[in-house]
Engineer: 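Okay, handing you the structure first.
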Amino acid sequence: MIGPGEVRLGVLHHFVERGGAPAASELAERLGCSAGEIRSAFRQLADERIFVLEPGSGELLMAMPFSARPTPYEVRAGGRTWWANCAWDALGIAAMLDTAVEISTRCPDCAEPIELQAGATSEWLEHAVVHFALPPASWWDDIAFT
Amino acid sequence: MLLLRDEEHVERWCLEQGLPRGEAVPLEQAWRLAVAWYSDRLDLAWRRNTPEETEATFREVGLTSAFWCPAS
């Protein structure tokens, strides 16, 4: 019986390698188990607030720092592209991969593009800030808003 | 968590959205938080932080206001 930790890691490796989320059936094939076991692990990981699932299908919506769907935060490295759930997760992709990445987004206030590099040799934009609208105690009240 | 051009854009965006002002963290500090939070995520042994570990992580990168207290 595969454990949730192995499923969690399998999901992240799939995102890293393929640029997107694995379907449960796809991950089952990769990890040599049944799709039912994968779905059960997905539910456990969602209950533990490690992943977020699509309502209804039970497939992955968020596997932090990655998003399964397009977001305003595009992250690129090594010829691959990912969507991050938020600005912090975009930085998190660089931190997790321990590599330099390029991040493209737009300021939600003025809609002007913001391009930056993150990683070991970052030169940070002088005035740009990551705004945390909610305190940590409230992050999971509505994780999509957070 | 959104990336905005500067504090002025944060103020205007919060006003237009009808949201209370949260905490605006400079990019370099947000990066240090991302490293503390995500650098071990590809370890099989990774697990979620306890509330105490979370608070310690925030404190280590200089996020010490009441906003960052997990119990707040």
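No experiment lies behind these values; they were computed from the predicted model shown. Note on naming: letters A, B, ... go to the chains in the order of the sequence lines (proteins, then strands), and numbering restarts at 1 for each one. Note: hydrogens, waters and symmetry copies are ignored here, and every other heavy atom, side chains too, is used.
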Engineer: Can you tell me which portion of R47(B) sits under 4.5 Å from chain A's heavy atoms? Options are side chain, backbone, both or neither.
Structural biologist: neither

Engineer: Search all heavy atoms of L91(A) against all heavy atoms of W31(B) and return the closest pair with its distance.
Structural biologist: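 So the minimum-distance heavy-atom pair works out to O-CZ3, 3.4 Å.
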
Engineer: Only pairs of heavy atoms separated by less than 4.5 Å count here; which of P108(A), A133(A), A87(A) has the most with chain B?
Structural biologist: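 Top option by heavy-atom pairs under 4.5 Å: P108(A).
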
Engineer: Where on R48(B) is there a heavy atom nearer than 4.5 Å to chain A: the side chain, the backbone, both, or neither?
Structural biologist: side chain

Engineer: Is D43(B) close to chain A through its backbone or its side chain, or both, or neither, when contacts mean heavy atoms under 4.5 Å?
Structural biologist: backbone

Engineer: Which residues in residues 1-27 of chain A have any heavy atom lying under 4.5 Å from a heavy atom of chain B?
Structural biologist: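 At a heavy-atom separation under 4.5 Å, chain B is reached by G5(A), E6(A), R8(A), L9(A), L12(A), H13(A).
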
Engineer: Relative to chain A, which segment of L19(B) carries a heavy atom at a distance below 4.5 Å: side chain, backbone, both, or neither?
Structural biologist: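 Side chain only.
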
Engineer: Residues of residues 52-63 of chain A under 4.5 Å from chain B (heavy atom pairs)?
Structural biologist: none

Engineer: May I ask you to decide if the ring planes of H131(A) and W13(B) are parallel, tilted or perpendicular, using 30° and 60° as cut-offs?
Structural biologist: perpendicular

Engineer: Sort out for me which of P72(A), A90(A), C110(A) touches chain B most, counting heavy-atom pairs under 4.5 Å.
Structural biologist: C110(A)

Engineer: Looking at every non-hydrogen atom in both residues, tell me the closest pair between Y73(A) and L2(B) and how far apart they are.
Structural biologist: OH-CA, 3.2 Å

Engineer: So, using side-chain contact (heavy atoms from CB on, under 4.5 Å) as the criterion, who are the partners of S65(B) when residues are at least two apart?
Structural biologist: E23(B), F67(B), W68(B)

Engineer: Using heavy-atom distances under 4.5 Å, tell me whether I93(A) contacts chain B through its side chain, its backbone, both, or neither.
Structural biologist: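 For I93(A), there is no contact with chain B at all, as no heavy atom is under 4.5 Å.
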
Engineer: R32(B): what forms a side-chain hydrogen bond (donor to acceptor under 3.5 Å, both in side chains) with it, not counting sequence neighbours?
Structural biologist: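 Scan of R32(B) (side-chain hydrogen bond (donor to acceptor under 3.5 Å, both in side chains), adjacent residues dropped) gives E28(B).
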
Engineer: Heavy atoms only, distances under 4.5 angstrom: which of V10(B), D6(B), V25(B) has the most pairs with chain A? Name it, please.
Structural biologist: V25(B)

Engineer: Identify which part of A94(A) has an atom lying under 4.5 Å from any heavy atom of chain B, answering side chain, backbone, both or neither.
Structural biologist: both

Engineer: Restricting to non-hydrogen atoms, name the atom on G92(A) and the atom on A34(B) that form the minimum distance, rounded to 0.1 Å.
Structural biologist: N-CB, 3.8 Å

Engineer: Counting heavy-atom pairs closer than 4.5 Å to chain B, which one of R106(A), E112(A), M64(A) comes out on top?
Structural biologist: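 When all of R106(A), E112(A), M64(A) are compared, M64(A) has the most.
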
Engineer: Can you tell me how far apart CZ (R41(B)) and CG (L97(A)) are? Round to the nearest 0.5 Å.
Structural biologist: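 Reported value, rounded in 0.5 Å steps: 12.5 Å.
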
